[in-house]
Amino acid sequence: MITPRFTRAALEELGIDPDAVPRHVALVMDGNGRWAQQRGLKRTEGHLRGEDALFECVEAALELGVEWITVYAFSTENWKRPKAEVKFLINFNRETIRRRRDELHARGVRIRFIGRRNWRVPKSLLRDMEAATELTERNRRLTFTIAFNYGGRAEIIDAVRVALADGIEPDRLDERSFGRYLYDPEMPDPDLVVRTSGENRLSNFLLWQAAYSEFLFLDILWPDFTRQTLYEAVREFQRRSRRFGGI
Ligand code: IPE
Ligand code: IPE
Ligand code: MG
């Protein structure tokens, strides 16, 4: 099997408790532009380098047995960027999906997308997203969700719209039933949300789902993210005490 999962002993060797690996890790991949600028390169070079970091992160998740990884690739606010950068990011996401989809499939990874579909996203990109989703839909080892044209507020509004169109009775709407209207009703809440680049904010990522997530803000820039970074993030997660409002 490609990218074997670590044994319990190997996890313990890394200082990771095999029984407390987070089920869902969500990541805000931030700092690509600054990474490039620090080196006198164009911002787009940083995005290109970010791809390696992303797939190292996926490999590390497979090793650790993390079942869900969700990454913020393009926000509903990122359309504000210069046209050339937006165009680059759209093409880059399309090429990444096309290039990586088979190796992810070979590793037992299920690819999914969350985000607003019916607004601004080119049809050809939607087709590539659907093809990757369909190809990998039976895989169970890791669900890798790409948040593209995603905003937490847009997701909540879209969910309310579908609920209303569904004719839901106000009394029947509760936290559980509302969850069924989100972009991916099967996605568990993230246990851990990691953001790189030293910014301490959510930037509209998973607003509903992150209600009780642990947050980890790292100073490194996204292209410098390695497998070791994910191992360390999991160790830090295991040092936290989650109470969910209890004692
Ligand atoms: C994150 O890196 C990638 C996307 C938002 C698409 P940035 O492009 O935001 O890099 P910085 O934050 O400007 O350094
Ligand atoms: C968040 O990063 C979005 C993604 C990583 C895709 P931004 O760089 O867009 O966030 P702000 O503008 O610094 O809040
Ligand atoms: Mg940024």
Side-chain angles (χ1 to χ4, degrees), residues 24-58 61 68-100 111-117 119-122 125-126 128-129 132 144-158 182-184 187 190 192-210 213 215-226 229-230 233:
H24 183 185
V25 179
L27 300 112
V28 181
M29 311 185 285
D30 196 21
N32 295 347
R34 277 164 283 174
W35 183 93
Q37 276 160 346
Q38 282 173 6
R39 288 160 179 78
L41 304 168
K42 288 188 294 183
R43 290 177 52 83
T44 48
E45 279 300 314
H47 299 314
L48 293 174
R49 287 296 292 263
E51 181 184 337
D52 296 330
L54 173 57
F55 288 91
E56 281 295 294
C57 177
V58 170
W68 292 73
I69 283 275
T70 300
V71 297
Y72 208 2
F74 192 89
S75 75
T76 47
E77 287 70 41
N78 287 147
W79 297 102
K80 289 181 198 157
R81 295 189 177 201
K83 255 203 191 108
E85 184 167 343
V86 168
K87 195 167 166 221
F88 175 88
L89 286 169
I90 289 172
N91 287 329
F92 177 56
N93 273 280
R94 179 181 7 241
E95 282 156 25
T96 306
I97 296 162
R98 285 188 186 163
R99 253 185 297 106
R100 299 286 188 159
I111 304 170
R112 287 189 173 177
F113 295 88
I114 53 172
R116 199 169 256 183
R117 297 286 178 99
W119 181 67
R120 288 185 162 178
V121 184
L125 178 54
L126 289 175
D128 283 317
M129 290 175 173
F144 172 49
T145 305
I146 300 171
F148 190 89
N149 196 25
Y150 177 87
R153 288 186 172 181
E155 179 174 36
I156 291 167
I157 296 293
D158 287 348
L182 296 171
Y183 293 135
D184 183 353
M187 177 195 281
L192 173 64
V193 177
V194 179
R195 181 173 187 148
T196 55
S197 92
E199 310 293 357
N200 299 321
R201 57 175 171 264
L202 212 41
S203 300
N204 205 11
F205 192 40
L206 301 179
L207 294 184
W208 176 269
Q209 297 88 338
S213 303
F215 288 90
L216 179 59
F217 295 104
L218 301 173
D219 285 330
I220 61 160
L221 302 174
W222 177 256
D224 293 324
F225 193 102
T226 64
T229 317
L230 191 70

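Read the numbers this way: they start at 1 and go in the same order the structure lists the ligands and their atoms. This structure is a prediction, so every number in the text was calculated from the model and none was measured.
Any N or O atom pair closer than 3.5 Å counts here, and Tyr72 shares no such pair with ligand 2. Of the polar atoms of Arg34, at least one N or O is found under 3.5 Å from an N or O of ligand 1, judged by distance alone. Polar contact with ligand 2: absent for Ser75 (N/O pair, distance under 3.5 Å).
Remark: minimum distance from atom 10 (O) of ligand 1 to any protein heavy atom is reached at Gly33 N, 2.9 Å. Given atom 14 (O) of ligand 2, the protein heavy atom at minimum distance is Ser203 OG, 2.6 Å. Given atom 13 (O) of ligand 2, the protein heavy atom at minimum distance is Arg201 NH2, 2.8 Å.
More than 12 non-hydrogen atoms from other residues, nucleotides or ligands lie less than 6.0 angstrom from CZ of Arg112. Within 6.0 Å of CZ on Arg120 lie more than 12 heavy atoms contributed by other residues, nucleotides or ligands.
To the nearest 0.5 Å, atoms CG (Leu89) and CG (Asn149) are separated by 12.0 Å. The structure places CD of Glu85 at 4.0 Å from CZ of Arg43, a figure rounded to the nearest 0.5 Å.
With a 4.0 Å cut-off on non-hydrogen atoms, Met29 touches ligand 1 through its backbone and not its side chain. Contacts between Phe74 and ligand 2, counted as non-hydrogen atom pairs separated by less than 4.0 Å, involve the backbone only.
In this structure the side chain of Glu56 never reaches within 4.5 angstrom of the side chain of Phe225, judged on heavy atoms. Counting only heavy atoms from C-beta outward, the side chains of Arg195 and Ser203 approach each other to under 4.5 Å. Put simply, the side chain of Ser213 reaches to within 4.5 Å of the side chain of Val193, judged on heavy atoms.
Distances below 4.0 Å separate heavy atoms of His47 from the following atoms of ligand 1: 3 (C), 8 (O). For ligand 1 and Ala73, the ligand atoms under 4.0 Å from any heavy atom of the residue are 6 (C). Taking every non-hydrogen atom of Asn78 and a distance limit under 4.0 Å, the qualifying atoms of ligand 1 come out as 5 (C).
Looking at Glu199, Arg81, Glu85 and measuring to atom 8 (O) of ligand 1, the nearest heavy atom belongs to Arg81. The heavy atom nearest to atom 2 (O) of ligand 1, out of those in Val86, Leu221, Asn32, is found in Asn32.
Heavy atoms of Arg43 approach ligand 1 to within less than 4.0 angstrom. Within the structure, the closest approach of Ser197 to ligand 1 does not fall below 4.0 Å when heavy atoms are considered. In this structure, Arg195 has a heavy atom closer than 4.0 Å to ligand 2.
Its N, O or S atom nearest to the Mg ion (ligand 3) is what matters here, and for Asp30 that atom is OD1.
Between the side chains of Trp35 and Asp224, at least one donor N or O lies within less than 3.5 Å of an accepting N or O. Using modelled atom types and a 3.5 Å distance limit, the side chains of Arg34 and Ser197 yield a donor-acceptor pair.
Ion pair Glu45/Arg39 not flagged as a salt bridge, since none of the NZ, NE, NH1 or NH2 atoms sits closer than 4.0 Å to an Asp/Glu carboxylate oxygen.
With Arg94 as the fixed residue, the side-chain contact (heavy atoms from CB on, under 4.5 Å) test singles out one of Ile90, Thr96, Ile97: Ile90.
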